[in-house]
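All values derive from a computational prediction rather than experimental measurement. To find a chain, count down the sequence lines: A is the first, B the second, and so on, and within it residues start at 1.
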Amino acid sequence: MLSSEAFSQTVLNWFDEHGRHDLPWQTNKSPYFTWVSEIMLQQTQVSTVIPYFLHFTDTFPDVHALASAPLDQVLHLWTGLGYYARARNLHKTAQIISHELGGAFPNTLEEMEALPGIGRSTAGAILSISMGVRASILDGNVKRVLARFYAIDEWPGAPKVQAALWTYAEHNTPTHRVGDYTQAMMDLGATLCRRTKPACLLCPIQSHCQAYALGLTHVLPKARPKKHKPLKTTIMLIHFNEPREVWLEKRPAKGIWGGLWSLPETEELPDTVLKCLPVIKHSFSHYDLEITPALVKKPECFQVEEAKGLWYNLDQPQQSLGLAAPVKKLLASLK
DNA sequence: AATCCGGGGAG
DNA sequence: CTCCCAGGATT
């Protein structure tokens, strides 16, 4: 069994030689840049995040710029990234930091975790990477590395297992170079200890890896127990005005596509439908959605109230709006 | 078609 | 506590 010191030192040595050192958020490891990148990386792969991160930090170079921006603009820059609650919480937290904390991020785990959208792992990442505070992370990469290293034979998402993994994660976290160690563990999981086809022959801790010793690397970590996925249907109404603009409405702040702009929806086809466009299939982790886009002549099936919506110019959208992914695709296809 | 992912919020 | 929610990418 590797001591915690040997574990972290081995991983750090590997990181110096083979880790990623040129990611856009590594050029300026400020709490702000680190925070924005960690939130974006929560559900999303590095390669997807990079262009969003560059555009986002270019538009909002610091926490004050983000705090004073309209939420619609923040959601606009998030369009396509998914999990829009992340963008809403990012905006909320920016306002707390800008208005209540004098522009400075907190430097303890407790205070950091109290901010909207920042949980234990993200707090640990920001503290260790941008401030050198000894704190641990347990993201998907680290969970996979530890589940294999200790040959944990249960789904890592189960609360009991998760608690054990946190104990291992904290045990191995070093007292020096903690930011590099955080990055190193993420890199190890992302580049070598991949979900499929792990590159065990290149792994610095292979000789102490339980899963490798037992020939279980392809089985661990155990998959989440699967659930039945229902199919839901909806009809999205497309209504043009005279200059050929489309009527959009803002969705409620909570729930699916919260705060984003979308087409009015209905359960049944109204009489005023001119024609239906091909069905759009959209898949979520917990249900499948079939959208029937319907062109309507007159908006008898919904209210055109200026306060609730807006007319969207397909050729030159004048506003910065967040759009639900299938709506964005649909609008583009209407041009 | 199946799998993955951090955190918030409701029960 | 435990469950449920949420979107796109990858395989």
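Nearest-nucleotide assignment on DNA chain B puts the 5′-proximal partner with Gln42(A), out of Gln42(A) and Lys92(A). Nucleotides of DNA chain C nearest to Ala85(A) and Lys160(A) differ in position, and the one nearer the 5' end is that of Lys160(A).
With 3.5 Å as the limit, one finds no donor-acceptor pair spanning the side chains of Ser130(A) and Thr34(A). At a cut-off of 3.5 Å, with distance as the only test, a side-chain donor of Thr108(A) or Glu111(A) sits close to an acceptor on the other residue.
Judged as a ring pair (Phe, Tyr, Trp, His ring centres under 6.0 Å), and not counting sequence neighbours, Trp261(A) has no contacts. Residues that satisfy the side chain to side chain contact (heavy atoms under 4.5 Å, CB included) test with Lys232(A), not counting sequence neighbours, are Tyr287(A), Leu289(A). Not counting sequence neighbours, the partners of Gln95(A) by the side chain to side chain contact (heavy atoms under 4.5 Å, CB included) test are Ala67(A), His91(A), His99(A). In terms of the ring pair (Phe, Tyr, Trp, His ring centres under 6.0 Å) criterion, Tyr212(A) has no residue partners (sequence neighbours excluded).
Taking atom C1' in both dT10(C) and dG7(B), the straight-line distance is 22 Å, to the nearest Å. The gap from the P atom of dA6(C) to that of dG11(B) amounts to 14 Å, rounded to the nearest Å.
Arg86(A) comes within 4.0 angstrom of nothing in the nucleic acid, heavy atoms only.
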Are any protein N/O atoms closer than 3.5 Å to N/O atoms in nucleotides 8-11 of chain C? If there are, list each pair with its distance.
from: dG8(C); atom 1: OP1; to: Tyr84(A); atom 2: OH; distance (Å): 3.1
from: dG8(C); atom 1: OP2; to: His282(A); atom 2: NE2; distance (Å): 3.2

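Remark: nothing in residues 33-40 of chain A comes within less than 4.0 Å of DNA chain B through any heavy atom. Of the residues in residues 107-126 of chain A, Leu115(A), Pro116(A), Gly117(A), Ile118(A), Gly119(A), Arg120(A), Ser121(A), Thr122(A) come within less than 4.0 Å of DNA chain B through at least one heavy atom, sorted by number.
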Show me the side-chain donor-acceptor pairs of residues 156-167 of chain A shorter than 3.5 Å, one per line, residues at least two apart or across chains.
from: Gln162(A); atom 1: OE1; to: Lys143(A); atom 2: NZ; distance (Å): 3.3
from: Thr167(A); atom 1: OG1; to: Ala163(A); atom 2: O; distance (Å): 3.1

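If you take OH of Tyr83(A) and P of dC4(C), they are 15 Å apart, rounded to a whole angstrom.
Taking a heavy-atom distance under 4.0 Å as the criterion, the stretch of DNA chain B touched by chain A extends 5' to 3' from dT3(B) to dG8(B).
Pairs engaging residues 38-50 of chain A under the side-chain hydrogen bond (donor to acceptor under 3.5 Å, both in side chains) rule: Gln42(A)-Thr122(A), Thr44(A)-Arg86(A) [sequence neighbours left out]. Under the side-chain hydrogen bond (donor to acceptor under 3.5 Å, both in side chains) criterion, the residue pairs touching residues 8-20 of chain A are Gln9(A)-Asn13(A), Asp16(A)-Arg177(A), Arg20(A)-Asp187(A), with sequence neighbours excluded. Residues in residues 261-270 of chain A take part in these salt bridge (Lys or Arg N to Asp or Glu O under 4.0 Å) pairs, two or more places apart or across chains: Arg251(A)-Glu265(A).
Between Tyr168(A) and Tyr150(A), the ring-plane angle classifies as parallel under the 30° and 60° cut-offs. Ring pair His239(A)/Trp311(A) is tilted by interplanar angle, where 30° to 60° counts as tilted.
Within the 6.0 Å centre-distance limit, the rings of Trp35(A) and Phe105(A) are counted as a close aromatic pair.
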